[in-house]
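Step one of this worksheet: look at the structure below.
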Amino acid sequence: DAKTTQPTSMDCAEGRAANLPCNHSTISGNEYVYWYRQIHSQGPQYIIHGLKNNETNEMASLIITEDRKSSTLILPHATLRDTAVYYCIVRVAHWDRWGCTCAISPWWQVRRRVTFI
């Protein structure tokens, strides 16, 4: 059973913000929300992750609701280069000796195709 649900596709206007919702109503207290994307013929690319707080980096923002049952990935200025399959996953993270968060469950559980027009 998938722990997250997303619409299977969406269209976004180039140059505008793209808001990609993800529902994860069965999330537990120690599970993080991760977002990856996979551009055609390439491997998956990490975008952002968060536990409780909203997060922002150079690529995107992650807004997590207070009850943690849903979240939204925001791409602030979407372009045609952002056309990809976007993956929202919920998983436990652990710390390795370098201090990185490392995947425990596979990234391919749930996906969403986003096309920019």
Side-chain angles (χ1 to χ4, degrees):
D1 290 334
K3 295 189 83 170
T4 61
T5 57
Q6 305 169 250
T8 56
S9 66
M10 67 179 291
D11 294 329
C12 302
E14 188 171 15
R16 305 284 302 253
N19 297 319
L20 288 68
C22 181
N23 293 315
H24 31 80
S25 60
T26 61
I27 193 168
S28 67
N30 63 341
E31 290 180 310
Y32 287 73
V33 178
Y34 282 80
W35 280 88
Y36 291 84
R37 72 178 179 182
Q38 188 169 18
I39 296 171
H40 182 69
S41 299
Q42 297 181 20
Q45 175 188 22
Y46 167 80
I47 301 173
I48 198 166
H49 76 277
L51 180 64
K52 295 179 184 176
N53 300 321
N54 297 334
E55 302 288 343
T56 299
N57 63 22
E58 64 281 351
M59 289 181 65
S61 294
L62 175 61
I63 308 301
I64 301 172
T65 59
E66 190 172 334
D67 65 6
R68 300 186 66 235
K69 294 187 184 299
S70 65
S71 61
T72 302
L73 177 72
I74 301 172
L75 305 173
H77 303 288
T79 70
L80 289 173
R81 288 178 293 209
D82 293 313
T83 298
V85 176
Y86 285 79
Y87 300 91
C88 170
I89 35 180
V90 170
R91 65 182 180 209
V92 175
H94 71 275
W95 298 90
D96 65 19
R97 63 183 171 193
W98 297 282
C100 311
T101 55
C102 301
I104 292 176
S105 61
W107 57 266
W108 58 83
Q109 293 174 349
V110 177
R111 64 181 135 181
R112 162 198 282 215
R113 162 80 54 194
V114 178
T115 305
F116 296 91
I117 54 175

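The chain is numbered in sequence order, starting from 1.
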- Message: Give me the atom names and distance for the closest heavy-atom approach of T56 to S61.
- Response: OG1-OG, 3.1 Å
- Message: Evaluate N30 against S28 for side-chain hydrogen bond (donor to acceptor under 3.5 Å, both in side chains), listing each step before the verdict.
- Response: CA-CA 6 Å; N30 63 341; S28 67; 3.0 Å; yes
- In short, Y86 meets Q6 closest at the heavy-atom pair O-NE2, 3.8 Å
- Message: Is there a side-chain contact (heavy atoms from CB on, under 4.5 Å) between R37 and D82? Walk through the geometry before answering.
- Response: CA-CA 9 Å; R37 72 178 179 182; D82 293 313; 2.8 Å; yes
- Message: Go through it in stages, so that I can follow the logic: the residues are Y32 and V92, the test is side-chain contact (heavy atoms from CB on, under 4.5 Å), and I'd like the CA-CA distance, side-chain angles, deciding distance and then a yes or no.
- Response: CA-CA 6 Å; Y32 287 73; V92 175; over 6 Å; no
- So, for C88 and T4, which heavy atoms are closest and what is the spacing to 0.1 Å? O-OG1, 3.0 Å
- Message: If I compare all heavy atoms of P7 with all of P21, which pair ends up nearest, and what's the gap?
- Response: CD-O, 4.2 Å
- For I74 and A17, work out which heavy atoms get closest and say how close. CG2-CB, 4.5 Å
- Query: Are R91 and Y34 in a cation-pi setup, meaning NZ or CZ lies under 6.0 angstrom from the ring centre and within 45 degrees of the ring axis?
  - Reply: yes
- Task: To the nearest 0.5 angstrom, please state how far the CG atom of L80 sits from the SG atom of C12.
- Result: 11.5 Å
- How long is the span from the CG atom in N57 to the CD1 atom in I48, to the nearest 0.5 Å? 4.0 Å
- Query: Do you know which two heavy atoms are closest between G29 and L51, and how far apart they sit?
  - Reply: O-CD1, 3.7 Å
- Interatomic distance, OH@Y46 vs CE@M59, rounded to 0.5 Å, equals 9.5 Å
- Between S70 and H24, do the side chains contain an N or O donor and an N or O acceptor separated by less than 3.5 Å? no
- Besides I39, the hydrophobic cluster formed by Ile, Leu, Val, Met, Phe, Trp and Tyr side chains linked at under 4.5 Å, directly or via other members, contains none
- Any side-chain donor-acceptor pair under 3.5 Å between Q45 and Y36? no
- Under 3.5 Å side-chain donor-acceptor pair for D67 and T65: yes
- Which residues satisfy the salt bridge (charged side-chain N to carboxylate O under 4.0 Å, His left out) test with E31, sequence neighbours excluded? K3
- Is C22 close to T5 at the side-chain level, that is, under 4.5 Å between some pair of heavy atoms? no
- Message: Using side-chain heavy atoms (C-beta onward) and a distance below 4.5 Å, is V33 in contact with H49?
- Response: no
- Note on the structure: Taken to the nearest 0.5 Å, the spacing of E58 CD from I47 CD1 works out to 11.0 Å
- In this structure, CD1 of I64 is separated from NZ of K52 (nearest 0.5 Å) by 10.5 Å
- Query: Just how far is it from atom OH of Y87 to atom CD of Q38, taken to the nearest 0.5 Å?
  - Reply: 4.0 Å
